[in-house]
Amino acid sequence: MRKSDAVFEVHLDAITENFRMMKDLVGDRVEVAAVVKSDAYGLGLSEVSGSLASVGCKTFMVADTDEAARLRALYLGATIVVLKADLPQSGEIIASQKLTAVVNGADDLDWLRRFGHGIPYFLNVETGFSRFGIDPKKMRALRHEGAFGATSPACIFSHLGCSDNANDRTNDEQRRKLLAVRHVFPQARLSLSASAGIWLGRGYHLDVVRVGSAIYGLNNARLFPNPLYRTVRLRAPLVDIRSIPPRQAVGYGATFRTKRATRLGIVSIGYRHGLPWACANRMEVKIGEHFAPVIGRIAMEYTTIDLTDVPENALVRGGDVDFLHEDFGIDEMAAAGGTSSQETLVRLGCGCHRIHTDQTPATARVIAARRQLGRLSRNARIS
Ligand SMILES: *Cc1c(COP(=O)(O)O)cnc(C)c1O
């Protein structure tokens with residue numbers, strides 16, 4: 001790692017604590033499957049999965065067979081569900097690595113039945129998301145025609161489109177459509193909710209919840225106060241400090257012009273690290289306990305900040321500038337940049353030098369305080 005690199009710090013203890021919180025919320029009869037696709041949302045597939053396995057996670061959902069094979073090498077016993085099963089091309093690897101395939105339609109099913117070998121599978125049912133998934137009517141017809149052969153799904157699932165809005169009618173419509181196919185395979189488990197769906201109530205938990213965002217601390221359901229732990233920090237070095245006069249333009253497009261004599265700082269992080277370009281002039285960073293606004297456009301490798309109000313003795317060239325901190329997490333950064341928390345997380349994770357830590361003092365303090373207050377989950381609005 002070069003001295004001038006932005007560092008994305010992943011707090012594994014916060015991730016496992018969020019997973020535990022989800023388990024507490026849904027109770028013992030519901031399984032929490034961890035969604036670790038896309039390199040665990042950019043946070044590191046093997047590190048994140050390792051931590052989750054150590055606190056009892058048994059089912060992992062990955063994007064493709066490459067991720068699945070990496071995970072299988074680490075955890076021989078886990079259930080690994082491949083979202084993009086890519087049948088029939090990936091059939092051999094799915095069988096040999098003992099993976100669980102996601103089956104989306106008649107063609108997948110046809111192949112699976114002829115292949116034999118009893119590949120376990122999750123059946124995706126279309127209930128209103130309009131991305132893959134088998135139509136419920138078609139599913140009943142296929143069952144009737146014997147298209148399933150001797151196979152039966154381990155789990156029948158569907159994906160909610162609007163679960164971040166508890167008042168949206170489509171949540172209940174999707175739920176009814178999924179429940180209506182339960183009788184086709186009465187032994188199969190049912191799954192509907194991802195992170196935000198958990199807060200829609202017990203009726204949405206069914207047998208398995210598939211949780212990504214909440215494990216990574218993203219508050220998709222916009223809970224207030226947010227019970228989830230922040231799982232990442234982002235810092236980058238201050239590489240230049242200079243003073244400029246009033247009415248001087250700063251950066252591309254002169255989107256910021258100084259109103260006063262200004263002390264500028266240049267920080268070695270830009271949009272190629274995943275910092276949202278649209279955060280320009282819309283967020284504050286922290287240097288120690290002091291705040292400093294981001295001014296002018298965010299460039300590919302650099303970001304400019306206004307240090308005029310930061311005491312001079314707090315400033316050192318090469319010192320750390322915090323872009324994510326207790327008061328400003330991924331959700332806030334995404335809002336400032338007009339994008340989603342998931343996009344912001346995955347881009348930062350892919351763009352920065354990443355380090356993993358465990359037993360973070362700040363997280364440990366909050367965990368201890370909350371334990372004293374009693375399990376937080378009892379306060380969450382779950383009906
Ligand atoms: C990504 C994904 C999830 C996890 O969604 P979150 O909202 O991040 O918890 C669950 N199910 C499926 C099918 C997914 O693709």
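Ligands are counted one by one from 1 in listed order, and the atoms in each one are counted from 1 as well. Starting from 1, each residue takes its place in the sequence as its number.
Not counting sequence neighbours, the partners of Asp327 by the salt bridge (charged side-chain N to carboxylate O under 4.0 Å, His left out) test are Lys286.
Looking at Thr170 and Gln174, their side chains never bring a donor and an acceptor atom within 3.5 Å of each other. Between the side chains of Asp331 and Ser341, at least one donor N or O sits under 3.5 Å from an acceptor N or O.
With Phe323 as the aromatic partner, Arg235 does not meet the cation-pi criteria of under 6.0 angstrom to the ring centre and within 45 degrees of the ring axis.
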Please table the atom pairs, donor to acceptor, closer than 3.5 Å between any side-chain atom in residues 148-161 and protein atoms at least two apart or in another chain.
residue : atom : partner : partner atom : Å
Thr151  : OG1  : Tyr121  : OH           : 2.9
Thr151  : OG1  : Phe148  : O            : 2.7
Ser158  : OG   : Val125  : O            : 2.6
Ser158  : OG   : Thr127  : OG1          : 2.7
His159  : ND1  : Arg210  : NH2          : 2.9

Pairs under 3.5 Å, nitrogen or oxygen of ligand 1 with protein nitrogen or oxygen:
residue  : atom   : partner : partner atom : Å
ligand 1 : 8 (O)  : Tyr41   : OH           : 2.5
ligand 1 : 8 (O)  : Ser213  : N            : 2.9
ligand 1 : 8 (O)  : Ser213  : OG           : 2.5
ligand 1 : 9 (O)  : Ser195  : N            : 3.0
ligand 1 : 9 (O)  : Ser195  : OG           : 2.5
ligand 1 : 9 (O)  : Gly212  : N            : 2.8
ligand 1 : 9 (O)  : Ser213  : N            : 3.3
ligand 1 : 11 (N) : Arg210  : NE           : 2.9
ligand 1 : 11 (N) : Arg210  : NH2          : 3.4
ligand 1 : 15 (O) : Lys37   : NZ           : 2.7

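For residues 250-261, the set of pairs meeting the side-chain hydrogen bond (donor to acceptor under 3.5 Å, both in side chains) definition, not counting sequence neighbours, comprises Thr255-Asn281, Arg260-Asp306, Arg260-Asp309.
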